[in-house]
Amino acid sequence: MTMNGTRDLGAIVLEKFQFSDELFMIRVLPEEDSSIPLPGQFYLLKSWEGFDPLLSRPFAPIAVHENGSLDFLVKVVGRGTKIINSSIEGAKVKLRGPCGKPFPAPSGQRLLLLGGSVGIAPMLFAYKRYKDIVPAKLVIGVPGGEWENFCKSELMSDTNLEVFSDDGSIGRSGTPLTFLTEEGVGTDDEVWACGPIGMLKALGGSLIHKVREDQVYVSLEARMACGIGGCLGCVIPTTLGNRRVCADGPVFRMSEVSWDEL
Amino acid sequence: MTMNGTRDLGAIVLEKFQFSDELFMIRVLPEEDSSIPLPGQFYLLKSWEGFDPLLSRPFAPIAVHENGSLDFLVKVVGRGTKIINSSIEGAKVKLRGPCGKPFPAPSGQRLLLLGGSVGIAPMLFAYKRYKDIVPAKLVIGVPGGEWENFCKSELMSDTNLEVFSDDGSIGRSGTPLTFLTEEGVGTDDEVWACGPIGMLKALGGSLIHKVREDQVYVSLEARMACGIGGCLGCVIPTTLGNRRVCADGPVFRMSEVSWDEL
Amino acid sequence: MSSKRLLQAKIGSLTLRSPAIIASGVWPMEPERWPSGVVDNVGAICTKGLTLSPKEGNRGIRIWETNCGLLNSIGLQNPGLEAFLKNEFDQLKDCGCPIIFNLAFHREEELYHLLDILTSFGFTGTVEINVSCPNVSGGGMTWALNLASLEKVLKRARALWRGDMWVKLSPNVPKICDGAIVAESCGADAVVVANTWLGLAIDVKRKKPVFERIFAGLSGPAILPLSLRLVWEAASAVKIPVIGCGGVADAEGALAMLMAGASAFQVGTALFSDFEVVKKICDGIENYMAENQINDLEEIVGIAQKA
Amino acid sequence: MSSKRLLQAKIGSLTLRSPAIIASGVWPMEPERWPSGVVDNVGAICTKGLTLSPKEGNRGIRIWETNCGLLNSIGLQNPGLEAFLKNEFDQLKDCGCPIIFNLAFHREEELYHLLDILTSFGFTGTVEINVSCPNVSGGGMTWALNLASLEKVLKRARALWRGDMWVKLSPNVPKICDGAIVAESCGADAVVVANTWLGLAIDVKRKKPVFERIFAGLSGPAILPLSLRLVWEAASAVKIPVIGCGGVADAEGALAMLMAGASAFQVGTALFSDFEVVKKICDGIENYMAENQINDLEEIVGIAQKA
Ligand SMILES: Cc1cc2nc3c(=O)[nH]c(=O)nc-3n(C[C@H](O)[C@H](O)[C@H](O)COP(=O)(O)OP(=O)(O)OC[C@H]3O[C@@H](n4cnc5c(N)ncnc54)[C@H](O)[C@@H]3O)c2cc1C
Ligand SMILES: Cc1cc2nc3c(=O)[nH]c(=O)nc-3n(C[C@H](O)[C@H](O)[C@H](O)COP(=O)(O)OP(=O)(O)OC[C@H]3O[C@@H](n4cnc5c(N)ncnc54)[C@H](O)[C@@H]3O)c2cc1C
Ligand SMILES: Cc1cc2nc3c(=O)[nH]c(=O)nc-3n(C[C@H](O)[C@H](O)[C@H](O)COP(=O)(O)O)c2cc1C
Ligand SMILES: Cc1cc2nc3c(=O)[nH]c(=O)nc-3n(C[C@H](O)[C@H](O)[C@H](O)COP(=O)(O)O)c2cc1C
Ligand code: FES
Ligand code: FES
């Protein structure tokens with residue numbers, strides 16, 4: 001009956017790596033067999049017992065390993081991510097996933113992957129997964145110095161990669177969109193993007209008339225409770241009416257989203 | 001202004017030792033300077049963030065080390081102790097303490113220390129602290145096999161100790177009160193006891209006319225919220241009216257407690 | 001006696017395989033989205049709140065976490081009863097347990113129309129009349145606040161509806177008993193006690209209320225002690241079954257609901273934290289019954305009131 | 001402007017050094033039991049509920065933890081106002097912030113008598129009239145339920161009392177505004193919104209209610225969204241200051257209270273979890289004010305209502 005294999009899983013923290021005070025990578029190993037996620041899918045994660053915080057937090061994996069372990073890149077922004085940041089190796093966590101619809105299989109055209117801030121996570125995963133199948137280019141934008149260790153880390157090695165930072169302290173100065181303006185984009189390119197809402201909105205303008213509309217996909221964020229399409233807490237306005245980010249998304253055609261109402 | 005030095009302290013788990021599924025020792029090191037507890041005093045401990053569970057749990061230390069670290073012997077009985085049992089080395093915990101009034105300084109007479117189940121904790125602490133000052137004897141009662149590893153552990157070595165178990169599987173068969181019946185007690189002995197309420201009630205009967213009333217002390221348990229005498233949640237009936245276990249106790253003269261109303 | 005029998009709960013004409021009902025508005029209406037096994041122990045499933053016309057629901061932030069609770073202001077987003085029957089009910093109806101139609105309405109005629117549609121469709125099961133949604137203007141929980149109009153609408157609904165009729169009451173009323181007594185006197189088969197509690201959250205960064213409609217409904221473990229009190233009161237006031245709802249998240253809370261007087265209970269928010277919660281609750285109740293030599297769930301119902 | 005000035009809160013004739021007041025019944029009345037530094041940021045301290053005659057309080061279990069909340073049924077254990085003045089007030093009065101006398105009563109004459117005693121003692125400060133204790137039979141919160149008798153007793157109390165008069169309202173009423181308006185019309189200097197919420201816990205092992213008096217009062221972070229809603233409503237209804245109470249446990253919750261319309265707030269249950277909570281709250285508010293270039297706490301009060 002289950003289409004997507006979403007499940008609640010116990011998992012154990014194998015490794016935690018701190019890139020800076022507010023950015024870390026956490027590797028967790030599910031204790032049971034579970035579905036392998038595709039790029040764009042995500043997990044709800046919590047590292048605490050009890051109901052405070054009540055809700056698990058959504059994160060998109062940056063990598064899946066052979067033994068089933070998952071890597072997440074997490075930015076500390078509030079209460080939940082702060083508690084997750086205090087997890088230590090050996091600690092137990094809980095996962096719900098994989099949730100959501102992944103990016104569609106690449107069509108064979110060049111894949112241009114744009115990630116801003118923690119929106120890098122699913123883009124990096126997509127890159128590693130598809131780079132041997134289609135020509136792929138990863139363009140990331142980071143806020144600045146806090147992200148330096150991450151950009152220099154092994155995770156980013158061996159990657160056809162361009163880095164932009166707001167203040168030019170890492171890579172080139174600008175955002176992933178700067179790349180589009182400066183280097184252009186091919187009409188047939190597939191463009192996938194994930195990042196701050198401002199970046200995604202601007203992306204529309206940058207791409208207009210440059211690539212085929214139906215080849216641009218974005219992965220969106222929303223506050224989530226259930227993660228499986230039950231509560232309607234995560235809806236966004238689209239041209240087809242409200243759509244659930246957790247179940248109908250998080251990946252949407254750029255053209256579907258009612259950006260003005262977001 | 002502060003009489004007793006009760007404070008909220010961050011602490012780190014140095015060691016956790018599992019005696020059985022439901023019994024463990026946890027050693028925590030306060031991250032700040034704090035008052036050194038005396039036998040009978042206790043701490044409120046929690047190992048979780050947030051307010052679920054809301055209240056920290058009271059535990060009496062079994063030992064204090066030179067570096068300030070504290071050992072607790074904990075029995076898993078419900079939600080809070082279950083979560084504490086999942087703490088791992090390096091985890092952070094929070095302590096409130098030392099709370100409560102300790103046992104009075106020993107008078108010089110023989111000290112007979114009776115501990116039942118986790119009531120052993122403060123008795124062991126008292127024993128180690130006073131054994132070189134006054135003649136002391138530690139008599140403990142444990143439920144059965146689950147406690148074997150504890151009884152055989154280093155903690156109990158080098159101790160003038162008698163062990164009783166309900167089913168005779170460890171030490172002698174019976175309870176600490178059996179010791180009193182079988183070996184007697186001197187009129188001048190000081191008797192301190194901590195354990196299940198049934199044991200303490202029975203103790204009254206066993207000692208009557210045998211020791212001086214004002215030399216018998218018990219350490220009591222109660223549900224606690226504040227731990228410093230504010231909420232009146234932990235009161236017990238005494239001959240002087242309601243008394244707070246956390247602030248007026250947990251150590252009370254046997255004769256003060258209104259046992260019939262407990 | 002099979003363990004399945006042990007857990008059976010009787011509500012009106014229904015015999016549920018377990019007393020655990022999935023509350024309205026929290027669970028996807030597409031069974032293919034249900035993680036496998038999760039509804040095996042579920043006694044019944046309430047649909048999301050269905051209205052006569054499709055509703056887009058509320059704009060802006062819809063859910064906000066509080067300590068052990070969740071504020072929601074979904075605003076009854078739904079495709080309308082007819083579209084639901086046409087497109088969604090078909091896959092749902094063979095899921096293994098009864099589907100309860102949660103019906104919401106603004107004007108009273110809407111409810112009668114909803115019941116007509118269900119009758120024409122051939123549905124003869126149970127409806128849960130929602131007079132307690134705090135997240136819409138007019139209608140919604142204002143129905144529960146005016147006892148005279150509540151009585152009028154329930155009487156008429158009772159006359160129209162042949163199947164079982166549950167009435168889902170609001171906790172945001174002076175006295176829960178009043179509404180429960182009205183529902184009973186109008187021939188309801190059960191009252192659901194209760195819905196979400198009216199609460200407020202402020203977004204301190206933006207210096208304004210989180211929700212566009214300002215107030216929203218609080219659910220989750222935070223409210224269990226409050227729901228238990230209402231269940232106790234309602235169960236003392238009426239003879240029809242009370243279905244406890246609000247904050248059940250483990251076997252202990254479920255047992256508390258039953259002992260306070262509920263014949264069954266609903267589980268909503270707790271599913272967000274754990275898909276296995278219904279299974280864990282059912283196992284916990286079964287173990288409790290075995291340990292306490294209780295052979296029939298009914299023996300527990302209201303037992304704390306008799307103590 | 002010193003940072004101390006930033007946090008000042010004005011309630012009636014009082015200027016508190018901070019808006020954080022320690023709620024009644026949670027804090028020891030013996031300053032020597034206070035961990036050092038803990039009350040440095042406290043704006044005022046409410047005494048435990050004081051009555052005319054000494055009270056032993058309730059028997060049986062008095063506190064019970066719920067998810068993010070605490071049910072209590074202390075039952076106003078206290079030595080009586082006279083004994084309190086004789087034995088306890090002396091050490092308390094120089095603690096660095098105003099002491100607010102929380103007065104509880106069964107019959108109305110008791111309140112008048114309590115005020116007489118305070119007057120004779122020479123106390124000219126603030127009283128918090130407790131018409132909202134859920135844990136005693138008669139009197140207590142039943143005062144808040146009957147608006148006519150509430151009006152009568154507050155009018156008379158106002159005539160008797162020269163100092164500031166706060167009225168601590170119950171959340172367990174049909175409409176919080178009604179009581180707030182009565183208090184204002186009787187000349188109260190502030191309303192405290194609110195006290196604990198009526199809840200129930202069942203001891204499933206013993207198959208009976210946990211508390212001897214069955215219902216008990218729910219406090220703690222669980223109820224914050226509910227208190228916030230009441231504060232919003234009360235602040236919309238009256239011009240006198242509203243003091244928020246119920247579930248404040250961090251700076252965000254405190255700011256939410258202020259923004260919803262509270263001029264100050266009380267902190268109770270959160271002190272059980274963390275002695276430093278008041279300091280953390282005050283630091284948090286100060287940082288917020290600095291970041292948002294707000295120089296006067298009053299600018300925040302009710303700001304969300306204006307949005
Ligand atoms: C599908 C998906 C994938 C994600 N992948 C990642 C990832 O790989 N790495 C990562 O670091 N983060 C990711 N996020 C974001 C992450 O889930 C949030 O940062 C996290 O939930 C914040 O939790 P918190 O408790 O720390 O913050 P909170 O205390 O809950 O919130 C902090 C601030 O963030 C705002 N906020 C919280 N959640 C959201 C939200 N969902 N949308 C908009 N604003 C919000 C709050 O209003 C508040 O201002 C993803 C989100 C989604 C929906
Ligand atoms: C001064 C003092 C010293 C203590 N020292 C120790 C110690 O050294 N080691 C140790 O293991 N335990 C000790 N305890 C007992 C310990 O605090 C409790 O076992 C613990 O709080 C239970 O927490 P929980 O969340 O696991 O259980 P809960 O889920 O809170 O409760 C489990 C069961 O125990 C009952 N219960 C919980 N707390 C109490 C209580 N205080 N009095 C009576 N019944 C209660 C509950 O009603 C329930 O039936 C001490 C208690 C006190 C007051
Ligand atoms: C996201 C969400 C949506 C809800 N939608 C409805 C609804 O459509 N109709 C209804 O009667 N109740 C609705 N409710 C209320 C629940 O059915 C339930 O009464 C309430 O959440 C209390 O139970 P709980 O604490 O177990 O969640 C909703 C609750 C939530 C959290
Ligand atoms: C243990 C306890 C005792 C209380 N005693 C009193 C009291 O004597 N008088 C009173 O007005 N309120 C009393 N209260 C209520 C608190 O003052 C406060 O209104 C309530 O707890 C809500 O605030 P909080 O969530 O910050 O604790 C008591 C609360 C608790 C938890
Ligand atoms: S999170 Fe519940 S529908 Fe998306
Ligand atoms: S725990 Fe609060 S008075 Fe003892």
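Letters go in sequence order (proteins before strands), and every chain restarts at 1.
- Residues of residues 234-254 of chain D placed with any heavy atom under 4.5 Å of a heavy atom in chain C are listed by number as D/Glu252.
- Residue C/Ile300 does not touch chain D at all, counting heavy-atom pairs closer than 4.5 Å.
- Rounding to the nearest 0.5 Å places CG of C/Leu255 at 8.5 Å from CG of C/Leu297.
- Distance check, rounded to the nearest 0.5 Å: CG of D/Asn195 to CG of D/Asn130 gives 5.5 Å.
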Verdict with reasoning, D/Val131 to D/Val167, per side-chain contact (heavy atoms from CB on, under 4.5 Å): CA-CA 7 Å; D/Val131 291; D/Val167 180; 4.0 Å; yes
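- For the set D/Ala216, D/Ala256, D/Ala201, the entry with the most heavy-atom pairs within less than 4.5 Å of chain C is D/Ala256.
- Taking non-hydrogen atoms and a 4.5 Å limit, the residue list of residues 262-285 of chain C in contact with chain D is empty.
- Rounded to the nearest 0.5 Å, atoms CG (D/Leu258) and CD (D/Glu298) are 10.5 Å apart.
- Along residues 219-233 of chain C, the residues that come nearer than 4.5 angstrom to chain D, judged on non-hydrogen atoms, are C/Pro221, C/Ala222, C/Pro225, C/Leu226, C/Leu228, C/Arg229, C/Trp232, C/Glu233 in order of number.
- C/Ser24 is listed as a side-chain neighbour of C/Lys168, based on a closest heavy-atom distance under 4.5 Å.
- The part of C/Ile294 that comes within reach of chain D is its side chain, from C-beta onward, which places non-hydrogen atoms under 4.5 angstrom from that chain.
- Here the shortest heavy-atom pairing between C/Pro174 and C/Leu145 reads CD-CD2, 4.4 Å.
- Only the backbone of C/Lys205 comes within contact range of chain D, judged by heavy atoms closer than 4.5 Å.
- Ranking D/Lys306, D/Lys208, D/Met259 against chain C, the residue ahead of the rest is D/Met259, based on heavy-atom pairs under 4.5 Å.
- No donor-acceptor distance shorter than 3.5 angstrom exists from the side chain of D/Gln8 to the backbone of D/Ser18, with no hydrogens or angles considered.
- With respect to chain D, the highest number of heavy-atom pairs below 4.5 Å among C/Asp203, C/Val173, C/Ile214 belongs to C/Ile214.
- Looking at D/Leu71, the atoms closer than 4.5 Å to chain C (heavy atoms on both sides) all sit in the side chain, from C-beta outward.
- For the residue pair C/Ile202 and D/Ala304, the shortest heavy atom distance occurs at CD1-CB, 3.7 Å.
- Within residues 58-69 of chain C, the residues having any heavy atom under 4.5 Å from a heavy atom of chain D are, by residue number, C/Thr66, C/Asn67, C/Cys68.
- The two residues D/Leu76 and D/Gly49 have their closest heavy-atom pair at CD2-CA, 4.0 Å.
- Annotation for C/Asn172 and C/Leu198: closest pair OD1-N, 2.9 Å, computed over non-hydrogen atoms.
- Here the CZ atom belonging to C/Phe211 is positioned 8.5 Å from the CD1 atom belonging to C/Ile74, to the nearest 0.5 angstrom.
- In this structure, chain D has a heavy atom under 4.5 Å from the side chain of C/Leu218, while its backbone stays farther away.
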